[in-house]
There are 4 protein chains.
Amino acid sequence: MIELKGRGGRPRSEQAREAVLHAVDDLLLEVGYAALTMKGIAMRAGVGRQTVYRWWSTKAEVLFEACVDDAEEELAVAPTRTPLAEITSYLDALVRFLAHSPAGAGYRALLAAAQHDPAVKQLIATKDVLSASASAVLNRVDPARPADDQAIARLIGPAFFWIMSGRDPAQLDTHELARSFLQDLGSEVP
Amino acid sequence: MIELKGRGGRPRSEQAREAVLHAVDDLLLEVGYAALTMKGIAMRAGVGRQTVYRWWSTKAEVLFEACVDDAEEELAVAPTRTPLAEITSYLDALVRFLAHSPAGAGYRALLAAAQHDPAVKQLIATKDVLSASASAVLNRVDPARPADDQAIARLIGPAFFWIMSGRDPAQLDTHELARSFLQDLGSEVP
Amino acid sequence: MIELKGRGGRPRSEQAREAVLHAVDDLLLEVGYAALTMKGIAMRAGVGRQTVYRWWSTKAEVLFEACVDDAEEELAVAPTRTPLAEITSYLDALVRFLAHSPAGAGYRALLAAAQHDPAVKQLIATKDVLSASASAVLNRVDPARPADDQAIARLIGPAFFWIMSGRDPAQLDTHELARSFLQDLGSEVP
Amino acid sequence: MIELKGRGGRPRSEQAREAVLHAVDDLLLEVGYAALTMKGIAMRAGVGRQTVYRWWSTKAEVLFEACVDDAEEELAVAPTRTPLAEITSYLDALVRFLAHSPAGAGYRALLAAAQHDPAVKQLIATKDVLSASASAVLNRVDPARPADDQAIARLIGPAFFWIMSGRDPAQLDTHELARSFLQDLGSEVP
DNA sequence: AGCTAAGCGAGACGGTACGTCGTGTCTTATT
DNA sequence: AATAAGACACGACGTACCGTCTCGCTTAGCT
């Protein structure tokens with residue numbers, strides 16, 4: 001037996017929960033993260049403000065829950081024949097996610113907020129979708145060598161910096177990035 | 001001569017300007033970027049609110065002016081004998097700047113804000129201290145090959161991602177990063 | 001016989017009813033009428049909110065039911081030998097009730113609320129404890145002359161105004177008030 | 001020299017002050033005291049909420065300032081030839097004020113609130129318009145005998161109770177009240 | 001004994017006012 | 001003309017209470 005929580009009381013409304021998450025998705029695109037407010041979310045969702053505060057403490061938490069699932073899905077790439085194709089395909093997905101996806105916009109906003117808000121830092125640390133996706137790809141490319149953080153940073157870093165520093169995603173040569181990453185991988189200190 | 005501005009009137013107070021910039025520096029460390037406000041800056045600086053608005057439009061502009069000079073200085077590394085030492089030294093400076101320097105905290109906050117504020121994006125684009133410093137190092141290491149954005153991203157990216165994603169700066173192996181970067185440099189497609 | 005209500009169903013809980021009335025009594029003294037809330041009453045009584053709303057529409061109704069019985073009792077004075085003693089004794093009880101009794105505090109609050117809430121006005125009109133008590137005394141003092149509203153107002157008014165306008169009840173000379181009231185009574189236009 | 005306050009700063013807006021006071025007057029009649037809110041006052045006045053809170057702490061304070069002047073004016077009666085006419089005229093004005101005047105509605109609301117709010121009690125004690133007006137009449141009727149609180153209570157009390165307890169003002173015989181009051185006055189203990 | 005129905009505690013729901021704070025603008029007197 | 005001071009209209013903050021609703025659980029009278 002597990003379900004021991006709250007014996008009485010009206011159960012949480014799944015409808016309200018979804019309305020809030022959809023409202024956050026919509027508003028992020030329409031007004032941006034800075035103009036995203038708890039009040040605005042509640043109004044857009046047709047929900048009382050207390051209902052939002054009851055389940056989420058900050059707009060960052062709502063946004064995190066709203067886009068973490070999409071993020072995982074968008075960063076998963078299909079297996080390919082060669083490591084080069086696999087890495088290139090992953091980097092393309094990464095750039096697409098960070099630069100164009102709604103979920104990516106949410107992720108960038110959260111990562112930005114985490115730079116000056118320890119609570120958000122801790123929040124996004126609970127599910128590090130970027131590292132996890134890179135780790136999955138690396139483990140598939142070279143199952144013998146377990147993916148470490150340093151390798152993940154070398155894989156993700158250049159594209160990540162490219163997007164975060166505001167450069168044009170179309171100008172990034174992901175194929176060259178993948179080639180150079182794999183060369184390092186095959187030539188590390190013996 | 002030079003002073004061609006408004007014919008009459010009181011000149012701008014240099015004292016007020018410096019008080020504002022120092023106030024921003026102090027407050028960023030004390031309360032963080034999110035809690036940084038124009039009102040708070042003015043109060044801390046002992047300056048009228050209008051005086052802040054007269055010379056800067058947003059808190060981002062004040063912060064930018066307050067930390068861009070420090071940033072340039074901290075990211076300049078002394079020339080070294082070998083490329084490997086030079087690159088390693090630069091990456092160390094980069095990590096130190098992003099992870100520990102007050103100016104770096106300001107830069108991170110601005111770059112974060114730029115993710116959802118086009119005005120801030122444009123602002124920090126006017127003086128890309130990170131790319132400029134990397135460019136300087138690259139040109140010194142290999143004067144024959146002019147530094148391009150892709151190489152800059154490969155150099156800065158991994159360390160940048162490491163810090164921005166909240167990893168411990170002490171765990172980053174900059175020497176290994178430098179080695180792998182230089183290997184790519186020497187082996188690019190002929 | 002008589003019990004024609006709903007054929008089935010759980011009967012009303014007398015325990016809950018009393019808990020609510022006691023809670024209102026307690027809270028009125030502790031936090032005052034303004035801070036008295038339906039939610040607070042339910043919590044203090046250890047009762048569901050709906051249970052309060054099921055039997056009373058407003059906090060005024062609960063309070064009325066909670067203090068009307070006490071009020072009647074406190075305003076009833078024992079017969080005395082002389083009219084003067086009787087009237088004085090009644091005025092003393094009136095002042096004691098209005099100024100010091102918990103039930104009187106409830107009555108003052110309700111009468112105050114009635115000034116801007118027609119529903120409360122109608123509510124307290126259903127059982128005018130003040131006038132009724134005065135009427136009883138007057139009828140005993142002079143059975144020949146039925147107590148009219150004007151006489152009741154002359155009897156109650158001065159003390160009522162004294163308390164309602166915040167004056168010190170100890171400074172009121174009820175004996176003098178009684179003497180002057182009786183003089184009027186005996187000298188009205190023939 | 002007196003005007004030493006605040007050397008700098010924008011002066012208080014008289015326009016905003018009047019807009020707020022008029023808004024309170026209007027809203028009291030339209031929605032009643034219970035539904036009167038600081039937010040509503042600010043909106044109706046076309047004024048920021050902070051502006052209201054800057055100068056008044058509670059809706060009671062705003063209302064007090066809004067109706068105290070009207071109250072004083074409405075309770076001042078013109079001198080008459082006979083004491084009976086004077087007293088009757090005053091009682092008529094008193095009833096008219098309490099039962100029909102907007103300012104009187106405000107006064108009743110405040111006096112009601114004072115029953116359970118010490119701050120309001122203290123507030124209305126700073127300018128006791130009812131007692132002051134009665135005092136003025138009594139001093140004119142019998143300059144030899146200075147008006148005491150007990151006499152004031154006997155004069156005001158009956159009419160006050162009549163209105164506060166919700167009776168029909170038209171049914172009150174002020175002439176009889178005045179006659180009986182004057183009889184007491186002339187026959188007090190020697 | 002089983003069924004039906006209303007009351008019960010609990011607590012989430014959509015709303016709205018609270019009093020505070022920061023926004024960017026404005027209006028003073030002073031320098 | 002720039003300054004320090006501070007009032008202005010505006011609107012988001014997070015909290016509290018409103019009155020309603022939906023749960024699972026009594027607790028009775030009526031088959």
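Quick note on labels: first sequence line is chain A, next is B, and so on, each numbered from 1.
A cation-pi arrangement is absent between D/Arg17 and D/Trp55, since the terminal nitrogen or guanidinium carbon is not both under 6.0 Å from the aromatic centre and inside a 45° cone about the axis.
Side-chain nitrogen and oxygen atoms of D/Trp55 include none within less than 4.0 Å of the OP1 or OP2 phosphate oxygen of F/dG6. In this structure, A/Arg54 reaches the E/dC13 phosphate: one of its side-chain N or O atoms is under 4.0 Å from OP1 or OP2.
Remark: side-chain polar atoms of B/Lys121 are not paired, donor with acceptor, to backbone N or O of B/Gln115 under 3.5 angstrom. A distance-only check finds no donor-acceptor pair linking the side chain of B/Glu65 to the backbone of B/Glu61 [under 3.5 Å]. Between the side chain of D/Lys59 and the main chain of D/Leu36, a donor-acceptor pair closer than 3.5 Å is present.
When rounded to the nearest whole Å, the span between CH2 of C/Trp56 and C1' of F/dG19 equals 17 Å. Whole-Å rounding puts the D/Lys59 NZ to E/dT16 P distance at 18 Å. The interatomic distance linking C/Ile41 (CD1) with F/dA16 (C1') rounds to 15 Å, in whole Å. Remark: C1' of E/dT16 and CE of A/Met43 are 12 Å apart, rounded to the nearest angstrom. Residue A/Glu14 contributes atom CD, which lies 16 Å from atom C1' of F/dC23 at whole-angstrom precision. Per the geometry, NZ belonging to B/Lys39 stands 8 Å off P belonging to E/dT23, to the nearest Å. The nearest whole Å value for the distance from the CZ atom in D/Arg12 to the C1' atom in F/dA5 is 18 Å.
With DNA chain E read from its 5' end, the first of the two nearest nucleotides for B/Thr58 and C/Gly48 is the one closest to C/Gly48. In terms of position on DNA chain F, the residue among D/Gly46 and A/Thr37 whose nearest nucleotide sits closer to the 5' end is D/Gly46. Place B/Met38 and A/Val52 on DNA chain E by their nearest nucleotides, and A/Val52 ends up nearer the 5' end. Mapping B/Pro11 and D/Thr51 onto DNA chain F by nearest heavy atom places B/Pro11 at the nucleotide closer to the 5' end.
Counting only heavy atoms from C-beta on, C/Tyr53 has its side chain closest to F/dT20 among F/dG14, E/dC8, F/dT20.
Residue side chain B/Arg49 reaches the base of E/dG24 through a donor-acceptor N/O pair under 3.5 Å, judged by distance alone. For E/dG7, the base has a donor-acceptor partner in the side chain of C/Arg10 [N/O atoms by modelled type, under 3.5 angstrom]. Side-chain N/O atoms of D/Gln50 and base N/O atoms of F/dC10 include no donor-acceptor pair closer than 3.5 Å.
Atom OH of C/Tyr33 and atom NE2 of D/His116 lie 7.0 Å apart (nearest 0.5 Å).
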